[in-house]
Every structure is written in structure tokens, then in C-alpha cells.
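To start, the structure under review is shown below, and the notes come after it.
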Amino acid sequence: MKKQNNKKKRLLIVEDDKDFAELVTARLIKSNFEVTLTASAEDALSKLKRINPDVIVVDIKLPGMDGIQFLSRVRKAKKYLPVIIITGYPSLESAKEAVRLDAADYLLKPLESIDELLNPIYKAVHSYNLVYENENLTKQLQFKIRELERSERKYRDLVELANDVIFTVNEDAIITSVNKKLEEVTSHQRESLIGRSATDFIVSIDNKTNKEKFKIIFSGKSIDTVEVKVVTKDGSDWLGEMSMRPIREDSKIIGAECIVRDITDRKKMEKALRDSEAKYRNVVENVNDIIFLLSPHGFIQYVNSKVVEHYGYDPKSLIGKHFKKTTPLSDVPKALGAIKRVLSGEEVINLEINQLDSKGELIPVEINVTPVKRNGKVIAVQGVMRNISERKKAEHKLQEAYSQLIETQCQLIQAEKMEMVGRMAGGIAHEVRNPLGAILLGINYLEKELPGQRQDILEVFRTIKRYIKKADGIIHLLLDFSRISELELKPKDINSILENSFELIQHMVKLEDITVHKELAKDLPEVLVDERKMEQVFVNIFFNAVQSMPKGGNLFVRTYLVKVNRALFADRVGNRKSDYFRMGEQAVVVEVEDTGAGISKENLTKIFDPFFTTKEPGEGTGLGLSVTRNIIDLHRGFIGIKSSEAKGTRVKVVLKVSETG
């Protein structure tokens with residue numbers, strides 16, 4: 001049945017007298033009714049379900065189906081719907097039938113006023129509402145009774161089949177009901193348990209007695225959990241966790257319900273877990289590595305005591321802090337990346353980063369981190385951090401030893417090559433100079449004996465003599481390169497040596513349209529050198545610079561005094577190491593810089609190798625820089641070259657200051 005409300009009441013009027021029907025309809029609409037008018041009982045029945053009226057007014061005399069028949073049909077569909085019978089032809093039989101079919105009223109035409117119809121309608125609506133409400137209340141009550149019965153049956157089933165011990169007691173702690181579980185645990189029949197004191201079977205583990213606990217319940221409070229022992233028939237103990245709540249009836253406490261859950265296995269597991277945790281904690285606290293636990297957002301939740309030894313931190317001071325507190329800013333992105341991977345379920349193994357100790361010093365560490373999951377979700381990040389400072393030092397020393405070994409091997413190979421070149425140079429000087437000498441004598445003789453002094457033949461002789469001298473010069477260079485000759489060391493002004501050397505290539509500088517910039521420091525201390533050989537060094541360096549600028553350029557020559565430091569040797573070429581200088585002592589530096597073609601990175605490592613040259617065949621021997629470096633080495637000095645293709649070359653020569661200078 002549809003719930004009633006304060007909306008307009010819907011009336012269905014079934015009347016074939018058109019004038020009467022329209023008059024009544026107009027008056028009812030003014031009285032705030034919603035009226036549907038029809039002249040046919042069949043039509044009214046078809047509209048019944050759709051318009052769902054609150055009251056029906058029907059005339060007895062209707063074509064086809066009369067009002068009584070219509071009322072009978074309505075009662076089958078709407079048991080309590082008010083139907084008012086109105087007729088101009090009353091009869092005892094129709095009145096009786098209307099009463100039998102529970103008509104709301106039986107009115108006679110003609111009506112003296114519309115109120116004669118309105119009052120029965122209002123009364124019918126009010127009665128209908130009362131009937132509706134009464135029916136609803138009855139149904140609700142019946143539903144609640146059924147639900148209560150089902151709930152009670154379910155509760156009884158749950159109590160009876162529960163795996164927990166459930167019983168009730170009165171104010172004196174006498175058992176009034178028990179479930180099957182208490183029978184099983186105590187091995188007593190239900191009949192023998194009811195009427196006995198609960199304290200005979202339930203013993204509290206804490207210091208308070210059971211009777212005190214029952215008194216608490218009857219004061220109106222509940223007890224959530226208390227650990228107890230359930231005494232069995234054979235005297236063994238069954239560990240349980242008991243909750244108690246009062247049972248009320250009309251706001252009066254008439255008893256207490258007690259539920260005891262078996263915790264025997266849980267207690268065993270808790271003990272095993274405590275023992276396991278103690279062992280694990282002992283291992284974690286005594287291992288030499290740092291064990292830590294981070295929240296998903298990177299906050300430290302746990303760290304073992306080894307953090308004191310390695311970092312100098314109090315473990316308690318780190319709890320709740322973000323890992324960034326102990327991580328240098330440069331390594332934070334790497335650490336965040338590792339945490340992100342772990343949160344996605346990965347493991348990160350052997351991650352090397354730096355950490356900060358309590359003094360702010362960097363410590364290299366190796367970290368392994370894995371996810372901690374619960375129900376398939378990562379809830380934390382656990383890790384092991386190992387201090388690898390000593391390992392890094394050992395690796396560095398090993399790398400240095402390896403580099404030194406490789407360098408020593410290269411030096412040995414180079415020394416062997418130089419020794420072979422020396423032996424070859426001696427043989428070449430003997431085997432080549434003798435024929436060259438004979439050829440030169442022959443040319444000189446022919447020049448004197450040539451009749452007529454023909455100029456074309458004399459020009460050929462001069463060309464031959466020039467190439468003989470060039471070949472002899474190459475042999476001379478080979479001998480200079482291969483033999484370790486005694487130096488005539490004397491204190492000399494390096495600027496003077498540079499000026500003398502520059503004079504020898506002055507004509508080439510002018511010819512190639514090169515601008516020279518001299519930045520020679522004044523009052524430089526003298527250097528201990530062999531003047532002739534040092535001039536040879538700088539002539540060779542100047543010559544190479546000029547040849548690198550065939551289209552002109554700038555040549556810079558600088559001298560200055562420095563204190564020896566590591567940066568001074570940072571750009572040297574080659575793999576040799578030198579201990580000719582002590583850190584902090586004074587040295588004179590000569591720089592020759594050009595704006596020429598430069599040297600490729602690949603060729604830069606080979607420029608001191610004997611016979612290596614980038615010049616066209618016939619334009620160079622590849623011995624110039626090798627001889628130059630040998631001379632510098634004999635002076636216990638240093639030569640370094642820095643160059644870039646298309647950007648020029650800078651040659652730096654460092655010489656020892658004369659102790660008497």
C-alpha cells in the first residue's frame with residue numbers, strides 16, 4: 001500500500017449524469033482535490049491502477065456495470081480503498097450489499113449541498129489513512145518479530161557452534177547457560193555446569209580475583225579482554241582471553257555474558273616470536289654493517305647501533321628523520337631513485353653512494369635495499385649499508401699500482417726501442433756516411449775537372465751535394481737522439497737563449513706573414529742548461545709552430561717564474577712521471593703558443609714517438625720532438641704540449657733554476 005502524504009488527494013468520480021458530475025467536479029477542484037471523471041465503470045477500472053486514487057465516488061446506476069458490481073471489483077484490487085456509493089434510487093438490497101462490501105458511505109440524491117459529499121470524502125480519506133498506518137504498523141511489527149526470532153535462532157546457533165567458550169552468569173557468578181565449547185573444554189556435561197560457580201572453571205591470570213571482575217560487570221561496565229585459565233576435568237589448563245559484558249532487561253542488569261577465546265597456540269607463537277626477535281635483534285645489533293628501515297616516504301624508522309661506530313650518530317637521534325640528513329645533496333637523486341625502484345617491488349643490490357658522518361665528512365658506502373610487503377603492498381624499505389672506505393682506498397692503491405706497472409712496462413719497452421735505435425744509428429752512420437763521403441769527394445773532383453764549366457751540370461752537382469748534406473744531417477740527428485752525451489751545463493739567461501734561437505728562424509717568420517708576440521719576464525733567475533742543445537730545442541719548437549701556420553697567424557713566446565705545483569704538470573703529454581722537481585721549489589717556464597692547425601687528440605699521444613710525423617713524405621723525419629724531449633730529460637726538466645685541431649698548440653717547457661743563479 002502506498003504511503004500517504006500532504007499532496008492533493010486524488011478522486012475518481014464514476015457518474016453518467018453529466019451535469020451533476022461537472023458540478024461536483026468543479027466544486028471539488030476548488031477544495032484542492034485532483035479529480036478524474038468518467039461515466040463508465042469499465043473505464044474507471046482500467047484507470048484505477050494508473051491514477052491510484054485516494055477515494056472513489058460511484059453512482060449505482062451506470063450503463064453496463066452498476067456501482068455495486070464496480071465496488072466488488074474494486075475490493076479485489078484495493079482492499080482498503082474508500083468507495084462512496086451515491087444513488088437516486090435507494091433500496092434496502094443495494095444498501096446491504098454496499099455495507100457488506102465495506103463501502104465508506106451510502107449517499108442519496110439529490111444532495112442539498114456539496115458539503116454532503118465533501119464531509120464523507122474527508123472522513124473516508126482520514127479513515128483510509130488510519131487503516132493504512134495501522135496496516136503498516138502491523139506489518140512492521142510482524143517483520144520485527146520475525147527478524148527477532150531469526151536473530152535469536154542465529155545467535156543461539158552461533159553461540160552453540162562457536163569455537164569460543166560462551167557462558168552467562170548471574171550476580172553471584174553462578175553459571176546460568178553454557179555453549180557446547182565449554183562442555184568440550186572442561187569435559188563436563190552441560191547439566192553439571194549450570195548452577196555451579198564460574199570461578200570453579202575460570203581462573204584469572206592477573207592478581208585480581210574472578211569475583212572482583214564479576215562485580216565490575218554488575219556495576220555496569222564491560223571488560224574487553226582479560227587473560228584466564230579454563231580448568232579442565234583432568235586438571236590441565238586451557239589458556240584463554242575473556243571478554244565480559246552486562247546483560248540488561250528493562251535497564252536492570254540481570255546477568256553477564258562471558259566469551260573466552262583459546263589463545264594457547266597464540267601464546268606459544270608469541271613466545272617463539274619473542275625468542276626469534278631476541279635472536280634477530282642480537283644479530284642485527286652485533287653485525288658490522290648498518291641495518292636500517294625507512295618508511296615509503298624516506299623517513300628513518302629503525303637503525304642499529306653500528307651507526308654510532310661508523311657515523312658517530314646516536315641511533316635514537318635519527319629515528320623520524322629523513323634519510324637526506326645523512327646523505328650529501330649530490331647523492332640524494334641516486335638514493336631517491338633506489339627507493340622508487342624498491343617501492344615498485346624491485347631489489348637494489350650493491351648501490352655505491354656517499355653518506356655524511358656526524359662531523360660532515362663523506363663516507364663511501366655500499367647499500368642493498370629490499371621492499372617490506374604486507375598483503376602484497378610495500379609498506380617499508382629495509383636495507384644493509386656497508387662502509388667501504390678501506391676497500392676504496394685499497395682499490396685506489398691497486399689502480400695506482402696497476403697504472404705504475406703499465407707505465408713502467410711502457411718505459412721499459414721504450415728504453416729497449418731507444419737502445420735498438422741507438423745501435424741502428426751507429427751502424428747507419430758507419431754504413432751511410434762512408435758512401436756519402438765518397439760521393440761528395442767524387443762530385444768535388446768532377447766540378448774541378450768538368451771542361452767548359454757547364455752551368456747545367458754544375459747545378460746538378462750542387463743539388464746532389466745539398467741532398468748529401470741533408471742525409472748527413474739526418475744521420476747527425478739520429479746520433480744525437482740515440483746517444484746520451486755529456487751536457488755542458490752553465491747558468492744561462494733563458495730569454496737570451498730564446499732570442500738567439502729566434503734569430504735562426506726569423507726569415508721563415510717573415511716569409512709566412514706571422515706576427516710574433518714576446519712576453520718575456522724581466523729579472524728571471526738563470527737556468528742551468530747546455531746553451532747549444534737548448535737552442536736546438538727552441539729552434540725545433542719554433543720551426544714546428546711556423547710550419548703549422550702556412551697562411552699566417554700569431555706566435556706567442558712567454559717566460560715567467562713559478563712555484564712547482566701539481567697543476568703545472570696537469571696538461572703534460574705522455575704517460576711518464578717525473579720526480580725531477582719538488583713541490584714548492586721555483587722553476588722557469590717557457591711557453592710557445594701558435595694559432596695554427598693544431599694536433600688531433602689521437603696524434604697528440606704519439607708526437608714524442610721516434611719517426612712519427614704528420615708531414616708529407618720528404619718534409620720531415622719525425623725525430624725533432626723526440627730529440628727535443630731527450631734533451632729536456634737530460635736537463636731534468638719537463639716538456640708538455642696541449643693542442644686542439646684548428647685552434648692551435650701550446651708548448652710548455654719547465655726548467656730548473658740554477659742554484660747559483
Side-chain angles (χ1 to χ4, degrees), residues 279-374 376-410 566-567 569-571 575 577 601 605:
K279 291 178 182 178
Y280 174 76
R281 191 178 299 108
N282 184 58
V283 171
V284 167
E285 290 299 325
N286 290 286
V287 73
N288 195 43
D289 297 328
I290 294 171
I291 312 296
F292 63 89
L293 190 69
L294 301 179
S295 73
H297 297 292
F299 291 94
I300 300 171
Q301 296 178 330
Y302 168 79
V303 63
N304 67 345
S305 58
K306 283 296 176 179
V307 76
V308 178
E309 179 182 329
H310 292 292
Y311 291 162
Y313 290 111
D314 178 3
K316 292 181 181 177
S317 70
L318 294 177
I319 303 301
K321 300 293 192 302
H322 202 273
F323 78 85
K324 293 179 183 178
K325 177 179 174 62
T326 62
T327 304
L329 188 61
S330 58
D331 283 307
V332 167
K334 188 186 294 186
L336 287 173
I339 290 177
K340 185 177 180 180
R341 288 171 57 192
V342 172
L343 292 178
S344 68
E346 294 184 45
E347 292 186 359
V348 178
I349 306 298
N350 300 334
L351 173 69
E352 290 190 11
I353 64 172
N354 292 306
Q355 290 286 278
L356 294 169
D357 65 11
S358 59
K359 297 178 182 178
E361 298 292 331
L362 285 178
I363 299 177
V365 298
E366 184 179 81
I367 298 178
N368 295 326
V369 280
T370 56
V372 179
K373 296 182 179 180
R374 181 181 296 163
K377 182 180 179 182
V378 178
I379 61 169
V381 177
Q382 64 182 2
V384 179
M385 183 185 300
R386 176 164 294 175
N387 188 329
I388 57 173
S389 300
E390 295 303 320
R391 191 181 84 187
K392 283 294 182 183
K393 290 177 183 177
E395 288 176 355
H396 181 68
K397 289 181 180 178
L398 182 62
Q399 184 61 41
E400 283 188 338
Y402 177 74
S403 299
Q404 190 170 1
L405 176 62
I406 296 299
E407 186 174 344
T408 302
Q409 288 177 338
C410 291
R566 295 188 185 279
F569 297 92
D571 59 351
N575 294 319
K577 288 189 177 179
K601 187 176 181 181
T605 61

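The analysis underlying the following values was restricted to heavy atoms, covering all of them including side chains, and did not include hydrogens, waters or symmetry mates.
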Next on the checklist: Test of understanding: with salt bridge (charged side-chain N to carboxylate O under 4.0 Å, His left out), list the residues that count as partners of Arg391, not counting sequence neighbours.
Outcome noted: Glu352, Glu366, Glu395
Which heavy-atom pair separates [X] from [Y] by the least distance, and what is that distance?
X	Y	result
Ser295	Gln301	CB-NE2, 3.4 Å
Phe292	Val384	CE2-N, 3.9 Å
Ile379	Pro296	O-CD, 3.3 Å

Checklist entry - Should we say atom CG of Leu329 is surrounded by more than 12 heavy atoms from elsewhere, each under 6.0 Å from it? => result no
Checklist entry - Would you say Ile290 and Tyr311 make side-chain contact, with heavy atoms under 4.5 Å? => result yes
Next on the checklist: When you compare the side chain of Val372 with that of Leu293, does any pair of heavy atoms fall below 4.5 Å?
Outcome noted: yes
So how far is it from [X] [atom1] to [Y] [atom2], rounded to the nearest 0.5 Å?
X	Y	atom1	atom2	value
Lys334	Ile367	NZ	CD1	10.0 Å
Leu356	Lys325	CG	NZ	10.0 Å
Met385	Asn368	CE	CG	10.5 Å
Lys393	Ile388	NZ	CD1	12.5 Å
Lys321	Ile300	NZ	CD1	8.5 Å

Checklist entry - Is Tyr313 reaching over with its side chain to a backbone N or O of Asp357, donor-acceptor style, under 3.5 angstrom? => result yes
Checklist entry - Short question: side chain of Asn354, backbone of Leu362 - any donor-acceptor pair under 3.5 Å? => result no
Next on the checklist: I'd like to check the side chain to side chain donor-acceptor pair (under 3.5 Å) partners of Ser317; sequence neighbours left out, ordered by chain and number.
Outcome noted: none
Checklist entry - How would you list all residue pairs meeting ring pair (Phe, Tyr, Trp, His ring centres under 6.0 Å) that involve residues 319-367, not counting sequence neighbours? => result Phe299-His322
Next on the checklist: Give me each pair satisfying ring pair (Phe, Tyr, Trp, His ring centres under 6.0 Å) with a member in residues 337-357, each pair once, sequence neighbours excluded.
Outcome noted: none
Item to check | All side chain to side chain contact (heavy atoms under 4.5 Å, CB included) counterparts of Asn387, not counting sequence neighbours | outcome: His310, Ile363, Ser389
Checklist outcome for this item: Across all chains, not counting sequence neighbours, the side chain to side chain contact (heavy atoms under 4.5 Å, CB included) partners of Pro315 are Val303, Val307, Val308
Item to check | Flag for Thr326-Gln355: side-chain donor and acceptor within less than 3.5 Å | outcome: yes
